[in-house]
Amino acid sequence: MGIYDIGIIGGGTAGMTAAIYGQRAGKQTVLFEGTTFGGQITSSPNVENYPGIASVSGSEFSMNLMDQAVKLGTQTIMEQVTGIREEADYKVIVTTEKEYECKSIILATGVTHRHLGVPGEERLTGAGVSYCATCDGMFFRGREVAVVGGGSTALQDAEFLSNYCSKVYLIHRRDEFRGEDQIVKRLQEKENVEFILNTTVQEIRGEQMVESLRVLNKVTGEESELAVSGIFVAVGQIAQNEKFADVVQLDESGFIVAGEDCKTSEAGIYAAGDCRTKEVRQLTTAAADGAVAALAACKYIADVAEK
């Protein structure tokens, strides 16, 4: 293959949607993924918040996207991307194996959720341990759950879950929250929300599903057990864009600076999905970004060709 029209870095929902839109627009797309195609959604046992699909597993949703992109002609490459650089008439995607020339690039590298790093967390992920309240909260209707974190995301998660769960424990390692005061005040007024401050989770317990948490009060040194059916971890997300910092602008948290048009600071390079600066990070917004970025890349290619 010579020069690809669109090089897409990241095989999650945003990246695969971009490939679909690029191929349907008559462009040759190549999709790079270093680990597993599908992204974070593959770990979700049920997806029930995607319009038009009442219920589907995350892995099936991803496989369907992948199958659609490949059938349209997308080339997939399982190699770790180490960087990108600009040449006079094209851009180069550098992997651990070789280099690929592209007319435009879409960065869809996603994010990873920061984990607690406690016993039981990895084993019970998808079995009561979740990193997305809006994705999985409905499965805990009428049950007691815990939210861990002190920022706005944790507060919003607790507020969302309080509408469905019989009890929501909001666990934070400090004595006050970093999130919005208005949300804190609203949560204080809810009878089914309880703050557990100056406390850290030491262990997540359960055989097949989450059954309880072992927690430590940092002030008193006392350990106790909290019976819950689920735990929602909201202690931050980690962007994975450092390798592109010399090409596109990143914000202080490492997210690619790009608006709803998905344009980065560098012409011909676009950012789609959770890796870019945005307020809402959901499956639907990732897919929307993929479409927007692909169509923008197509326009960029056409504009360059006219010059």
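The structure presented is a predicted model; accordingly, all values stated were derived computationally and were not measured.
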[atom1] of [X]: more than 12 outside heavy atoms within 6.0 angstrom?
{"X": "E191", "atom1": "CD", "result": "no"}
{"X": "D89", "atom1": "CG", "result": "no"}
{"X": "K278", "atom1": "NZ", "result": "yes"}

Handout entry: side chain to side chain contact (heavy atoms under 4.5 Å, CB included) assessment of K243 paired with T109
Key = CA-CA 11 Å; K243 64 189 73 172; T109 52; over 6 Å; no
Exercise for the section: Examine the side chains of Q202 and T200 and answer whether a donor and an acceptor come within less than 3.5 Å of each other. Expected result: yes
Exercise for the section: Report yes or no: do D274 and Q237 form a side-chain donor-acceptor pair below 3.5 Å? Expected result: no
Problem - Full working for side chain to side chain donor-acceptor pair (under 3.5 Å) between E79 and T96 - result: CA-CA 7 Å; E79 293 176 12; T96 50; 5.5 Å; no
Is any side-chain heavy atom of [Y] closer than 4.5 Å to one of [X]?
{"X": "T76", "Y": "F37", "value": "yes"}
{"X": "K91", "Y": "I84", "value": "no"}
{"X": "L72", "Y": "R24", "value": "yes"}
{"X": "L155", "Y": "L170", "value": "yes"}

Do [X] and [Y] sit within salt-bridge range, that is, some charged N less than 4.0 Å from a carboxylate O?
{"X": "K190", "Y": "E159", "value": "no"}
{"X": "E225", "Y": "R214", "value": "no"}
{"X": "R123", "Y": "E207", "value": "no"}

Exercise for the section: For side chain to side chain contact (heavy atoms under 4.5 Å, CB included), just list the numbers for F244 and T264, CA-CA rounded to whole Å, side-chain angles, deciding distance to a tenth of an Å, and then say yes or no. Expected result: CA-CA 11 Å; F244 312 121; T264 71; over 6 Å; no
Assign the ring pair [X] / [Y] to parallel, tilted or perpendicular, where the plane angle (0 to 90°) is split at 30° and 60°.
{"X": "Y300", "Y": "Y270", "answer": "perpendicular"}
{"X": "F232", "Y": "F140", "answer": "perpendicular"}
{"X": "Y100", "Y": "F32", "answer": "perpendicular"}

Practice task
Apply the test side chain to side chain contact (heavy atoms under 4.5 Å, CB included) to residues N217 and V215: give CA-CA distance (whole Å), side-chain angles for both, the deciding distance (0.1 Å), then the verdict.
Solution key: CA-CA 7 Å; N217 185 298; V215 298; over 6 Å; no
Exercise for the section: Please round to the nearest 0.5 Å and tell me the distance separating atom CZ of R174 and atom CG of L197. Expected result: 12.0 Å
Problem - Any donor-acceptor N/O pair, R276 side chain to G259 backbone, under 3.5 Å - result: yes
Problem - Side-chain donor/acceptor of D289 to backbone N/O of A272, under 3.5 Å - result: no
Exercise for the section: Begin with the C-alpha distance, continue with both residues' side-chain angles, and end with the deciding distance and a verdict on side chain to side chain donor-acceptor pair (under 3.5 Å) for E60 and S62. Expected result: CA-CA 5 Å; E60 184 181 359; S62 298; over 6 Å; no
Practice task
Kindly write out the residues that satisfy disulfide (SG to SG under 2.5 Å) with C298, not counting sequence neighbours, or none if the list is empty.
Solution key: none
